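Chain letters run A, B, ... following the sequence lines, proteins first, then strands; residues in each count from 1. This is a predicted model, so every value here is computed, not measured. We use all heavy atoms of the structure for the numbers below, so side chains are in, but hydrogens, waters and symmetry mates are not.
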Number of protein chains: 2
Amino acid sequence: MIDSSVAVSCSNCSVRRLCLPAGLSQADIDRLEQVTRRKKIVKAGETLYRSGDPFANLYAIRSGSFKTVVIAADGDTQVTHFALPGELLGLDAYSSRVHPSYAKALEDSSVCLLPFTQLEILAHQVAALQQQIYSIFSEELRQENDILMLLGKRSADTRLAALLINISSRYSRRGYSHSEFVLSMPRTDIANYLGLTAETVSRLFSRFQRENLIKVSGRAVEIVDLVGLSELAGTHCGYDED
Amino acid sequence: MIDSSVAVSCSNCSVRRLCLPAGLSQADIDRLEQVTRRKKIVKAGETLYRSGDPFANLYAIRSGSFKTVVIAADGDTQVTHFALPGELLGLDAYSSRVHPSYAKALEDSSVCLLPFTQLEILAHQVAALQQQIYSIFSEELRQENDILMLLGKRSADTRLAALLINISSRYSRRGYSHSEFVLSMPRTDIANYLGLTAETVSRLFSRFQRENLIKVSGRAVEIVDLVGLSELAGTHCGYDED
DNA sequence: CGCTTCGTTGAACTGGGTCAACGCGTGTGG
DNA sequence: CCACACGCGTTGACCCAGTTCAACGAAGCG
């Protein structure tokens, strides 16, 4: 499973500016690389970790994308995140020492393993890294607030609009087009994430297209009227659009 | 606003076992107390911090309760937490250095101020405290997952049942009865939190009483049939029932 | 090819929202 | 000390957004 031939250093990793704190010296980066050397390839549909797995690593996504899913006692599931390159998985496992959710690759993906105990030790020595960890935790909490807001009281069209804008801004953040992208997840996952049904999501895609907000062809999306879509979404949940 | 006469040491604080990591030495506790000496009284309806306030402190609730609320760009609000004694407020403000939500006291309350920069320094010196901070962050994320699950696909009765069980277990954790308690928040806040309307919540309280799951009288709740209520809630979201 | 998964669309149904009335407690001012 | 108002909770009647059920086309894959 673990392919060390994939090993690429942090300093030339395509997502480095998202993973690394700004103020790290070259020496610090070198030390971080010692900790993060192991990479892993995960094929589409494979799980990165399962619910109940012992917590050992955080995972930084280098390429591809994942969904994280929690399973209720009655077997019902809830998609809690769509994770894109440069984002971190596994933070919610620290306190219980067990992953409360599972992460499944939506497409062929590669991740960087961050053994948390080693990271902890390094963070203890490098203040900037420590702060970066706090910052990631905190940012994660803030984003959850946005999702709560979305699921709490919003109509179906608002939810989908907000998701599209969110994903758009996250793609643009990593340097890709913010107006054209290919969703890596099926409609059912989008529906589950938004607390809707796949049918409703499908109808909304059609309606958005009819209203000239977007163009859709399967999973390929082009945002035609960003302003209109943002208005629908209510501007909040725009996250950080650099 | 800040009343230092309220100052009580951590070592005899009634919620200490919730705030403090297990493995702290007396010397470490003494040092922590240096950092956490300032207390604040917040009357019912007053805000502890507002959305947009600069991030300076975390707040540990000593007594009373709070709701945290995020405000969307369009002015719509979402209650994201009900915080009870022993719980921590303000973690989501670290990354942006600004509170993304506001916290309002649901009843007369008192909190303990934790200046984060000082806490950070201390945590750097005391590993157990560092781990406790990670743990609290992580636990917070895990709990958000549960709430997401709730708002995602659950019916109204399931949501309310899950909230009641959640609150019950949190009260029992701090040593109070898990079967009888007084909700400190109005119906409208419960409804907002659960993504429902006050009318629906009210009807559900009535229905639960009719079905002999609970007894309600205004905000006073007695859980009559915990098993039945748990089944309705789907067992998930039971959190930690010690 | 046939089979399965995915997306779309239509038609009918329903859970929860909306609107409106009312009751109860509390606080306030005459 | 009472009258009145205001906030909060409850209940009823109606309605609609989104679900459910079902059919069907398209795309990926053995």
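Under a 4.0 Å N-O distance rule, the pair A/D157/A/R203 does not qualify as a salt bridge. With salt bridges taken as basic N to acidic carboxylate O contacts below 4.0 Å, one links B/E139 and B/R142. The pair B/R187-B/E199 fails the salt-bridge criterion, with no side-chain N (NZ, NE, NH1 or NH2) lying under 4.0 Å from an Asp/Glu carboxylate O.
No contact: A/G45 has no heavy atom under 4.0 Å from any strand.
Taking atom CG of residue B/L183 and atom P of nucleotide D/dC8, one finds them 15 Å apart after rounding to whole Å. The CZ atom of A/R187 sits 9 Å away from the C1' atom of C/dC6 (whole-angstrom rounding). Summarising the geometry, the separation between CZ on B/R203 and C1' on C/dA20 is reported as 11 Å, rounded to the nearest angstrom. Look at CD on A/E199: it is 12 Å from P on C/dG7, rounded to the nearest Å. Separating the CG atom of A/N192 from the P atom of D/dT19 is a distance of 12 Å, rounded to the nearest angstrom. The distance between atom CZ of B/F205 and atom P of D/dG9, rounded to the nearest whole Å, is 9 Å. Atom CG of B/D157 and atom P of C/dG16 are 7 Å apart (whole Å). Between B/L196 atom CG and C/dG15 atom C1' there is a gap of 11 Å when expressed in whole angstrom units.
Distances shown here put every side-chain N or O of A/T200 at or beyond 4.0 Å from the OP1 or OP2 atom of D/dG18. For B/R219 and D/dG9, the shortest distance from a side-chain N or O to OP1 or OP2 is below 4.0 Å. The phosphate of C/dG17 has OP1 or OP2 within less than 4.0 Å of a side-chain N or O from B/T197. Side-chain nitrogen and oxygen atoms of B/S206 include at least one within less than 4.0 Å of the OP1 or OP2 phosphate oxygen of D/dT11.
Each of C/dG16, D/dG18, C/dT9 was ranked by its minimum atom distance to the side chain of A/S202; first place goes to C/dT9.
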Indicate every side-chain donor-acceptor pair of residues 64-71 of chain B with a distance under 3.5 Å to a residue at least two apart or in another chain.
unit_1 : atom_1 : unit_2 : atom_2 : d
B/S65  : OG     : B/E107 : OE2    : 2.6
B/S65  : OG     : B/S184 : OG     : 2.7
B/K67  : NZ     : B/D189 : OD1    : 3.0
B/K67  : NZ     : B/D189 : OD2    : 3.2
B/T68  : OG1    : B/T80  : OG1    : 2.8
B/T68  : OG1    : B/H81  : N      : 3.3

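Contact record, A/V79 with A/N192: N-OD1, 2.8 Å, taken as the closest heavy-atom pair.
Using a distance-only test at 3.5 Å, with no hydrogens or angles considered, no donor-acceptor pair links the side chain of A/S172 to the main chain of A/H178.
Taking the ring centroids of B/Y49 and B/F55, they lie at or beyond the 6.0 Å cut-off.
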Checklist line | Nucleotide-level pairing of DNA chain C, given in dot-bracket where Watson-Crick and G-U pairs need both distances under 3.5 Å and | marks other strands | finding: ||||||||||||||||||||||||||||||
